[in-house]
Amino acid sequence: MWAEKDIKKVLVSEEQICNRAKELGAQITEDYASKPPLLVALLRGSVPFLAELIKHIDLDIQYDFMDVSSYEGTESIGDIKIIKDLDTSVKGLDILLVEDIVDTGRTIRTVCETLLHKGASSVKVVTLLDKPSRRIVDVKADYVGFEVANEFVIGYGMDFDQKYRCLPYIGVLKDECYQNIEE
């Protein structure tokens, strides 16, 4: 495969991701049985996870997208910019925010506050990856696929410099692939 030379290790396999999405989908189906949520996916990284997750939610759900940015290179800069807002009104809706990774917590906090300010009844978070060791803001995802250590992860929607998003697994990028760029 074209990216193998840049991968330090595979952290989570495609099979593990699919199995965990089934488990999360079943739990979300049970938790929202009486009132299906609007899934709000954060572009671009969460798209593969959203696509897998919705196959396993047995409810008549709808979804929409927001594009927010908080990164420069490999670091979260703390300034959250909304690049694309929702096309759907969230007033009175229960929202399930779909994220690829919860890292510092800044993005999740800002987006949750924004959705509540727009009139959402509730906002919960489902994330493929949780990296609590990097948390700056006290936030907690309601549904977590996998907890990961403080390593630079790529694949399954997550990128470095817009590369590696299409890998069917979560990998750890070799240090030399990004260290020289940041110096």
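Throughout, residue positions are numbered sequentially from 1 according to the sequence presented. In this text the structure is predicted, and so the values were computed from the model without any measurement.
Y164 is linked by a side-chain hydrogen bond (donor to acceptor under 3.5 Å, both in side chains) to D6, counting only residues two or more places apart in sequence or in another chain. S13 meets the side-chain hydrogen bond (donor to acceptor under 3.5 Å, both in side chains) test with Q16; sequence neighbours excluded. A search for side-chain contact (heavy atoms from CB on, under 4.5 Å) contacts involving L86 returns V40, D64, M66, V90, L115, not counting sequence neighbours. Evaluation of the salt bridge (charged side-chain N to carboxylate O under 4.0 Å, His left out) rule for K118 yields D85 as partners, not counting sequence neighbours. Q62 pairs by the side-chain contact (heavy atoms from CB on, under 4.5 Å) definition with L38, not counting sequence neighbours. With sequence neighbours excluded, no residue satisfies salt bridge (charged side-chain N to carboxylate O under 4.0 Å, His left out) with R109.
When all heavy atoms are compared, the tightest approach of P168 to I17 is O-CD1, 4.3 Å. The minimum heavy-atom distance between V139 and G105, with the atom names listed, is CG2-CA, 3.5 Å. In this structure, L43 and V47 approach most closely via the heavy-atom pair CD2-CG2, 3.6 Å. Closest approach of N150 and S133 over heavy atoms only: CB-OG, 3.5 Å. Shortest non-hydrogen contact noted between I7 and G171 is CG2-CA, 4.4 Å. Residues G155 and I170 share a closest heavy-atom pair of O-CD1, 3.6 Å.
K84 contributes atom NZ, which lies 11.0 Å from atom CG of L42 (distance to the nearest 0.5 angstrom).
Pairs of residues two or more places apart, or lying in two chains, never qualify as salt bridge (charged side-chain N to carboxylate O under 4.0 Å, His left out) while including a residue from residues 38-49. Sorted by first and then second residue, the ring pair (Phe, Tyr, Trp, His ring centres under 6.0 Å) pairs involving residues 32-64 (not counting sequence neighbours) are Y63-F65. For residues 48-61, the salt bridge (charged side-chain N to carboxylate O under 4.0 Å, His left out) pairs, not counting sequence neighbours, are E52-K55. Within the structure, the salt bridge (charged side-chain N to carboxylate O under 4.0 Å, His left out) test picks out the following pairs touching residues 144-160 (sequence neighbours left out): K9-E151, D159-R165.
One N or O on the side chain of R135 and one on the backbone of V102 form a donor-acceptor pair closer than 3.5 Å. No side-chain donor-acceptor contact under 3.5 Å links D100 to the backbone of M158.
You'll find the side chain of T114 reaches within 4.5 Å of the side chain of I82, heavy atoms only. For the pair D130/V148, no side-chain contact is recorded, criterion being any heavy-atom separation below 4.5 Å from C-beta on. Contact of the I61 side chain with the I54 side chain is registered, since non-hydrogen atoms from C-beta on lie closer than 4.5 Å.
Heavy-atom neighbours of K140 NZ from other residues, nucleotides or ligands within 6.0 Å: at or below the threshold of 12. Shown here is Q162, whose CD atom has more than 12 heavy atoms of other residues, nucleotides or ligands within 6.0 Å.
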**Request:** Run the numbers on R106 and D103 for salt bridge (Lys or Arg N to Asp or Glu O under 4.0 Å), then give the verdict.
**Result:** CA-CA 8 Å; R106 290 178 177 140; D103 192 355; over 6 Å; no
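The aromatic ring centroids of Y169 and Y156 lie 6.0 Å or more from each other.
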May I have the list of side-chain donor-acceptor pairs in residues 20-27 shorter than 3.5 Å, sequence neighbours left out?
from	atom 1	to	atom 2	distance (Å)
R20	NE	V144	O	3.3
R20	NE	G145	O	3.0
R20	NH1	E23	OE1	2.9
R20	NH2	V144	O	2.7
Q27	NE2	D31	OD1	2.7
Q27	NE2	D31	OD2	3.3

Could you pull out every donor-acceptor pair under 3.5 Å between side chains of residues 91-99 and any protein atom, sequence neighbours left out?
from	atom 1	to	atom 2	distance (Å)
D94	OD1	S122	OG	2.7

